[in-house]
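Working notes, beginning with the structure itself.
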Amino acid sequence: MGMGSLHPTLPLLHHSNSSYPSLPSHSIKPLKTKTPEALKKPSSIPSTELVLLLQSCIETKSYQQGKSIHSQILKLGFERNRDLLPKLIKLYSVCGRISIARNLFDRIPNRNLNVFVWTSLISGYIENGLLGNVIGIFLEMLELGVKPDGFTFSSLLKACSNLGFPPLVTQLHSMIVKCGCGSFLSVENSLIHLYGSLCVDVESAHRVFDRMSCRDVVSWTSIIRACCSLEKYGESMELFSRMQFDEDIKPNELTVVSVLPACGFFSSLRRGQAFHAYIIRNGFSMNVIVGASLVSMYSHCGHPDDAFLVFDSLKERNIVLWTSMIEGYSVNGRFDSALELFHVMQDNGIEPNYVTLIVILSACSHGGLIDDGWEIFNSLRDKFGIEPRAEHYACVVDMLGRAGQLDEAEKFINTMSLKPNGSIFGSLLGACGVYGNVDLGERLASRLFELEPNNAANYVMLSNIYAAVERWDDVGRMRQLMAVKGLSKDPGCSWIETKNKVYVFGAHDRSHPESDNIYRMLEDLSDRIIKAGYVPSTKFVLRDVEDDDKKKLLCSHSERLAIAFGLMKTPSGVPIRIAKNIRVCGDCHDAIKLISKVTSRELIIRDTIRPLLSKELSSRDLMFEDSSIMKSRISTLGNIVQHLMGGYISIRKQHGHP
DNA sequence: CTAGGGTTAG
């Protein structure tokens, strides 16, 4: 009974000579892999080493070696062995020979008794990208009365994420519960992941997470990711610390990558740097994935040069990394650098993907590089082989809108080959506000109200257009319409990070203990910028109040409170960095430029349209397990005057120096 | 036989 015919490069067998299934266990030489279960089932013991051999073939995807082991198995008469069969199925699957795997499976007698082989087959089909067969096999299995176990559901859920069909997740979930597999760790982890990423349903993800009796680092990473992808950044920060304080689980590389977008969103350089340090201290590999998330974090914190240092230090650069860096330049107002890098990337033999093209078109749009934008858009198909998507069209519409070419933009929408979606109309509606085009605005809005009847932003934008031309009756009508529909817009707020704390201000916020000083500072600034030529542009007030009151309202937009606070709390010469959840209004834009001038301070305002919910801004201390780096706190959001729509006017997105 | 990763217009 030799193993001589096996491939010579295979590890030498720790060979048990007792290949007779019926031999009593005491006559069998001890095996490294022996377990109490194995002793109870003597018939499985001689095959144990074959299982190990097969496993090594599976790991190295060695088809020829695997095949010779298979023939040994046949010679030894083990072809019905319950441990070997699934491994053989797996072997042929990973080697891309799914039909052999299927054949093997079909010849299994009584396969309805063995859920293991069914799961192997299912994961084999998934491995080979044959997702269409998976559900069919699963149904066949159920019909035969085979009861799926946790492993089966793990595999099926993996297929879900590739199939991209959200209802399947809910259906499987109920079946999982019925089958009693609801407490299987990898099933729960998959459900969190799928509810978060595929179903965009953070509540369901949380429900699964909260009910778990035992969570591991994957569970925490999954829920942190779910929160980030659904823009609940404050929550993901909080979860990150809870993971360590409540359950003493150490974050790994993927956990850190998952929480970095939150640092970027809060524009919290300190946190981002702390995570960067954590990555280095723990010796996590600096690969393209970690690199791209760091590049993105530094860029969103307003530090494109640090982003470039990370980018530059990486030897391997894939399309995502290049795209992150291009976007990094773009959001920081370095449009020429973005365009340059876009070309350098291609010179390096990397072809842009559709995301890269969204990013570069957006750069052209924000940078007013209309000729470049058109050139790129017109060569999407021929030069880059990219079928234009709605996002690409939206960038062009945005580009024309920002440049004031509203009629061209409308013409473009009417002639595009894709059915325009809400964001395409929405982008142009914003531009109508900037350029005071009520007619086009109304036309676009009416189509938008049909498409997205519950999107508050659309009502707000139309209302802003009316306000800009002082049609207060219409403004009131819009507000009423929103009230009837029960819609409200997220309140605007700005925040500044100093001395390890994040201070958040709402518009006209007086909740800060030093509020009086802040408002005194604002008055002083007002006087100084008026002397420097500032004329308040009251059309951004968007409410029908007396002119004097309008000026006051403008002065206390949240970003100005944050700037005043920053001027009070930081030494002169230190740049002040503010982030805002919604866009900076045109008047504040003018004022901020002058504040920068009269105070000789560099002011860096990062605005965004991403929504930020006020309740997210309460977070406990964020500390690392060695707690050497930081103790920071996000303070709670102060009172916000909800009905003021300050800051929702669409202006050119300002990054970098205002 | 099992789970989690980076870039995305308004």
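Every chain is numbered from 1, with letters handed out A, B, ... down the list of sequences.
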Heavy atoms only, 4.0 Å cut-off, all strands: where does [X] land among base, sugar-phosphate and nothing?
X       : value
Y354(A) : base
S190(A) : sugar-phosphate
E391(A) : base

- Item | Results of ring pair (Phe, Tyr, Trp, His ring centres under 6.0 Å) for H276(A) - residues two or more places apart only | Y298(A)

- ring pair (Phe, Tyr, Trp, His ring centres under 6.0 Å) filter on F384(A), not counting sequence neighbours, yields F342(A)

Taking only the side-chain nitrogens and oxygens of [X], find out if one of them lies under 4.0 Å from OP1 or OP2 of [N].
X       : N       : result
H366(A) : dG10(B) : yes
R389(A) : dT8(B)  : no
H392(A) : dG10(B) : no
K158(A) : dT2(B)  : no

- Hey, is D201(A) close enough to R207(A) for a salt bridge, meaning N to O under 4.0 Å? no

- The nucleotide from dT8(B), dG5(B), dA9(B) with an atom nearest the side chain of V359(A) is dT8(B)

- Query: The side chain of F116(A) lies closest to which of these nucleotides: dT7(B), dG10(B), dC1(B)?
  - Reply: dC1(B)

- Can W220(A) and E247(A) be counted as having a side-chain donor-acceptor contact under 3.5 angstrom? yes

- Item | Base dA9(B) paired with S423(A) side chain (donor-acceptor, <3.5 Å) | yes

- Ignoring hydrogens and angles, are the base of dT2(B) and the side chain of S186(A) linked by a donor-acceptor pair under 3.5 Å? yes

